[in-house]
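Here the structure comes first, spelled out in structure tokens, and everything after it is commentary.
Along the sequence shown, the residues carry numbers beginning at 1. Every heavy atom of this structure was used, including side-chain atoms; hydrogens, water molecules and symmetry mates were not. Whatever order the structure lists them in is the order used to number ligands and atoms, beginning at 1.
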Amino acid sequence: MKTLNTVAAHVIETERLQLRAPNRGDLETYLRLAGDPRVALKTTGIPHPLREADANEWLARANYGTRRTFVIARKEDAGMIGAVHLETRPDRVSAEAGLWIGVPYWRRGYATEALRGILRDAFGERGLLYITTGIPTGNPAAERVLRKAGLKFESLVEGGFRREGIIQDRVNHGLFADEWEALHC
Ligand SMILES: CC(C)(COP(=O)(O)OP(=O)(O)OC[C@H]1O[C@@H](n2cnc3c(N)ncnc32)[C@H](O)[C@@H]1OP(=O)(O)O)[C@@H](O)C(=O)NCCC(=O)NCCS
């Protein structure tokens, strides 16, 4: 495996969660939770089936270049329950977000809380101006999470999502910093 120059990610605290940089100790949980097809197949980036080499690659690239990845861990037991990342675009002021929560932890508000945490950090601390997400159609849970965190529907791209030979439509949502401020200040 190539050694990449990584940057240290900081820690983001929310009421019940800590968002922190991934480490080798997370790999087993990553394989188990992200390896579930109910999670992997809904994302753009997680291979399925998920192998150990894929998990090592995820860790190596987690905080490399324009990508900042955070493990979502519960404060109560420090256990990893999911992950969230932001990929900054070349303009350096906008980024694409991606998020997943392991199936045993669904429907407890964790995704909404983690996304709100990352938006607060991105807009409030890092000075980003625009965050977007693109997800395949037919994912009401993800759409609900995005809307609850303040992202707005922007466009539907026919055939805009392709994975393992299957082409689906892509739903784009976005949020500008001034809209986020209006919601929170
Ligand atoms: C989408 C996902 C992140 C949601 O995680 P979660 O922690 O269960 O979400 P939350 O508990 O914060 O739920 C937020 C809202 O979505 C709703 N929701 C959650 N799962 C749902 C489902 N399967 N169907 C419909 N609504 C659902 C919740 O009821 C809640 O709305 P409410 O407060 O009005 O009741 C999780 O299902 C997941 O990781 N899916 C696979 C990967 C994925 O789709 N990633 C999204 C890319 S942005």
What protein heavy atom sits nearest [atom], and how far off is it?
atom: atom 15 (C) of ligand 1; result: Arg144 CG, 3.3 Å
atom: atom 12 (O) of ligand 1; result: Thr112 OG1, 2.6 Å
atom: atom 33 (O) of ligand 1; result: Lys148 NZ, 2.5 Å
atom: atom 47 (C) of ligand 1; result: Leu99 O, 3.4 Å
atom: atom 8 (O) of ligand 1; result: Arg107 N, 2.6 Å
atom: atom 42 (C) of ligand 1; result: Lys42 CB, 3.7 Å
atom: atom 36 (C) of ligand 1; result: Trp106 NE1, 3.4 Å
atom: atom 39 (O) of ligand 1; result: Ile101 N, 2.8 Å

With distance as the sole test, does [X] use its side chain to make a donor-acceptor pair with the main-chain N or O of [Y] at under 3.5 Å?
X: Lys152; Y: Phe176; answer: no
X: Arg116; Y: Lys148; answer: yes
X: Trp106; Y: Ile101; answer: yes
X: Asp36; Y: Leu33; answer: no

Non-hydrogen atom of [X] closer than 4.0 Å to ligand 1:
X: Arg38; answer: yes
X: Gly98; answer: no
X: Asn139; answer: yes

message = Whether Glu76 and Arg108 form a salt bridge (side-chain N of Lys/Arg under 4.0 Å from carboxylate O of Asp/Glu) is what I want to check.
response = no

message = Does any N or O of ligand 1 fall below 3.5 Å from an N or O anywhere on Pro140, backbone included?
response =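 Pro140 vs ligand 1: no N/O contact under 3.5 Å.
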
query = Has ligand 1 got any nitrogen or oxygen that is less than 3.5 angstrom from a nitrogen or oxygen of Gly109?
reply = yes

message = Looking at every heavy atom in both Ala73 and Ala78, which two are closest together, and how far apart are they?
response = CB-O, 3.8 Å

query = Side chain, backbone, both or neither: which part of Arg108 has a heavy atom under 4.0 Å from ligand 1?
reply =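 Backbone only; the side chain of Arg108 stays clear of ligand 1.
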
task = Please work out whether any backbone atom (N, CA, C, O) or any side-chain heavy atom from C-beta onward of Ile135 is under 4.0 Å from ligand 1, and answer side chain, backbone, both or neither.
result = side chain

Proximity winner for atom 7 (O) of ligand 1, if only heavy atoms of Ala142, Ala141, Ala111 are counted =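 That would be Ala111.
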
Flag the pair [X] / [Y] as yes when at least one side-chain heavy-atom distance between them is below 4.5 Å, and no otherwise.
X: Leu183; Y: Glu179; value: no
X: Asn172; Y: Val157; value: yes
X: His173; Y: Arg147; value: yes

query = If you round to the nearest 0.5 Å, how far is CG of Leu99 from CD1 of Ile118?
reply = 8.5 Å

